[in-house]
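What follows is a short report on a single structure.
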Amino acid sequence: MTTTPNKVKVTVTGAAGNIAYSLLWRIGAGEVFGPNTIVDLALLEVPDHVSNAEGVAMELSDSALERVGNITVTDDAAKAFDGANAAFLVGAKPRGKGESRADMLQANGQIFIGQGRAINDHAADDVRVLVVGNPANTNAYIANKAAPDVSAEHFNALMRLDHNRAISMLSQKLGKHSSEFENIAVWGNHSDTQFPDIAYATVGGQPVKDLVDEAWYVDEFIPRVAKRGAEIIEVRGRSSAASAASAAVDHMRDWVAGTEGKWATTAVPSTGIYGVDEGLVFGFPAIARDGRWTVVEGLELTDFQRARINANIEALREEAAIADRLF
């Protein structure tokens with residue numbers, strides 16, 4: 001007896017870019033939505049890069065992936081998001097030479113306001129939106145604000161990459177496999193203010209904080225996780241596209257299927273928890289269950305943790321103030 005597969009529509013923006021090029025085949029292989037789901041893909045690009053996205057679509061088609069249904073390429077956001085059950089907002093304008101962060105936010109604001117409005121007007125009621133394009137937290141804040149009819153919990157920003165980087169560095173430091181680590185958290189913004197926190201972390205049941213020197217933790221681990229992207233650019237000559245795509249797969253898969261009670265770092269619109277302003281898209285330790293993220297509550301914070309978290313709140317307040325002027 002055969003089972004009729006489920007079907008979802010997934011929109012990927014910036015579809016001709018390097019992150020999407022790593023991401024699309026993994027979605028098509030069933031790694032996100034499972035082996036019994038057919039995925040219709042909508043590839044959204046700016047007009048100048050539609051032909052490049054059409055080439056990507058040709059390659060996807062040539063791969064004859066069993067989990068892929070229809071593939072649509074368009075520069076029309078309304079068409080791309082029409083009926084979308086999930087969206088990876090990958091495309092974003094990087095900071096140009098001589099531009100300030102405020103300039104970058106303003107340029108991206110127009111992109112994410114338009115996409116937020118298209119999601120509001122055309123996406124499915126159950127849409128899950130993961131913002132990958134930087135500055136991811138504030139781009140998600142903007143898209144959320146532009147979609148007033150969609151519940152805020154439907155908008156996330158990608159901080160799973162920071163979470164995965166933290167685990168990787170601890171794994172190398174302690175000689176333990178990455179699968180042995182639990183209760184890692186990265187608080188705040190996907191920027192150099194982010195706070196990788198090992199206060200609650202364990203490996204093989206042992207507290208991680210008892211296994212590392214405080215000086216290494218504060219002076220090497222925290223800044224290196226935060227600046228890992230720049231380190232990769234320095235060594236590789238290009239940005240970390242494949243690991244970003246892998247983290248996006250991890251995030252959306254867990255959002256859909258759950259984390260089985262385990263923590264994962266997730267940037268979600270704050271409800272005011274831990275003193276984070278309501279609406280700011282902030283990285284928290286969270287658990288996914290029944291298709292929803294729930295922030296881990298009741299964690300006691302030291303003065304050290306509080307100061308690091310407050311620095312991220314202030315940074316995101318400043319970005320939100322710039323974003324608010326765009327509406």
Side-chain angles (χ1 to χ4, degrees), residues 13-14 19 87-117 119-120 129-148 150 152-163 185-197 222-223 225-230 239 244 247-248 251 265-284 286 293 295 306-327:
T13 75
I19 294 176
F88 295 84
L89 307 190
V90 179
K93 183 182 180 298
R95 189 188 302 191
K97 186 176 181 180
E99 284 188 333
S100 66
R101 190 169 179 86
D103 294 331
M104 179 178 65
L105 282 166
Q106 186 157 358
N108 276 297
Q110 302 308 315
I111 295 170
F112 286 88
I113 287 172
Q115 292 180 0
R117 288 173 176 165
I119 289 167
N120 187 78
V129 181
L130 177 59
V131 177
V132 178
N134 288 318
N137 296 60
T138 299
N139 286 341
Y141 172 88
I142 292 168
N144 178 20
K145 189 169 182 176
V150 181
E153 67 178 353
H154 290 254
F155 288 87
N156 291 182
L158 184 67
M159 287 189 66
R160 184 61 168 267
L161 178 56
D162 308 299
H163 180 98
V186 183
W187 302 86
N189 194 9
H190 179 66
S191 72
D192 58 9
T193 61
Q194 66 178 254
F195 172 39
D197 188 0
I222 291 175
V225 172
K227 298 175 182 178
R228 181 66 166 179
S239 62
H251 180 117
T265 297
T266 308
V268 298
S270 174
T271 60
I273 194 169
Y274 294 112
V276 180
D277 300 9
E278 185 173 354
L280 293 181
V281 178
F282 201 88
F284 295 102
W293 288 107
V295 174
R306 187 75 261 174
R308 297 275 177 161
I309 291 169
N310 286 346
N312 281 277
I313 294 172
E314 186 57 38
L316 284 168
R317 281 176 180 163
E318 292 176 4
E319 292 185 15
I322 296 168
D324 288 343
R325 292 196 289 270
L326 301 176
F327 287 86

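All values reported here derive from a predicted model rather than from experimental measurement.
By the 4.5 Å heavy-atom criterion applied to side chains, D162 and T265 are not counted as neighbours. The side-chain heavy atoms of F282 and I309, taken from C-beta on, include a pair separated by under 4.5 Å. Using a 4.5 Å heavy-atom threshold, the side chains of F155 and V281 count as separate. Within the 4.5 Å cutoff, side-chain heavy atoms of F195 are placed close to those of I222. Contact of the N137 side chain with the M159 side chain is registered, since non-hydrogen atoms from C-beta on lie closer than 4.5 Å. Using a 4.5 Å heavy-atom cutoff, the side chains of W293 and H251 are in contact. Looking only at side-chain heavy atoms (C-beta outward), N108 and I142 stay at 4.5 Å or farther from each other. Looking at heavy atoms from C-beta onward, Y141 lies in side-chain contact with D324 at the 4.5 angstrom threshold.
Contact between P269 and A152 at its shortest, heavy atoms only, is CG-O, 3.2 Å. Residues G91 and F112 come closest through the heavy atom pair O-CZ, 3.5 Å. Of all the heavy atoms in A146 and I113, the pair that sits closest is CB-O, 3.5 Å. In terms of heavy atoms, K93 sits closest to M104 at O-CG, 3.7 Å. Taking each heavy atom of A157 and L130 in turn, the nearest pair found is C-CD1, 3.8 Å. Taking every heavy atom of both residues into account, P135 and E319 meet most closely at CB-OE1, 4.2 Å.
A donor-acceptor contact shorter than 3.5 Å is absent between the side chain of S270 and the backbone of G279.
Interatomic distance, CD of E153 versus CG of N144, reported as 10.5 Å (0.5 Å rounding). Interatomic distance, T138 OG1 to E318 CD, rounded to the nearest 0.5 Å: 10.5 Å. Rounding to the nearest 0.5 Å places CG of L161 at 6.0 Å from NE2 of H190. Rounding to the nearest 0.5 angstrom, the gap separating the CD atom in Q110 from the CD atom in Q115 is 12.0 Å. One finds the CG atom of N139 at 8.5 Å from the CG atom of L89 (value rounded to the nearest 0.5 Å). Once rounded to the nearest 0.5 Å, the distance linking NE2 of H163 with CD of Q194 reads 12.5 Å.
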Chi angles and distances behind the side-chain contact (heavy atoms from CB on, under 4.5 Å) call for V276, F284
CA-CA 10 Å; V276 180; F284 295 102; 3.9 Å; yes

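Using modelled atom types, one finds no donor on one side chain facing an acceptor on the other under 3.5 Å when comparing N312 with W187.
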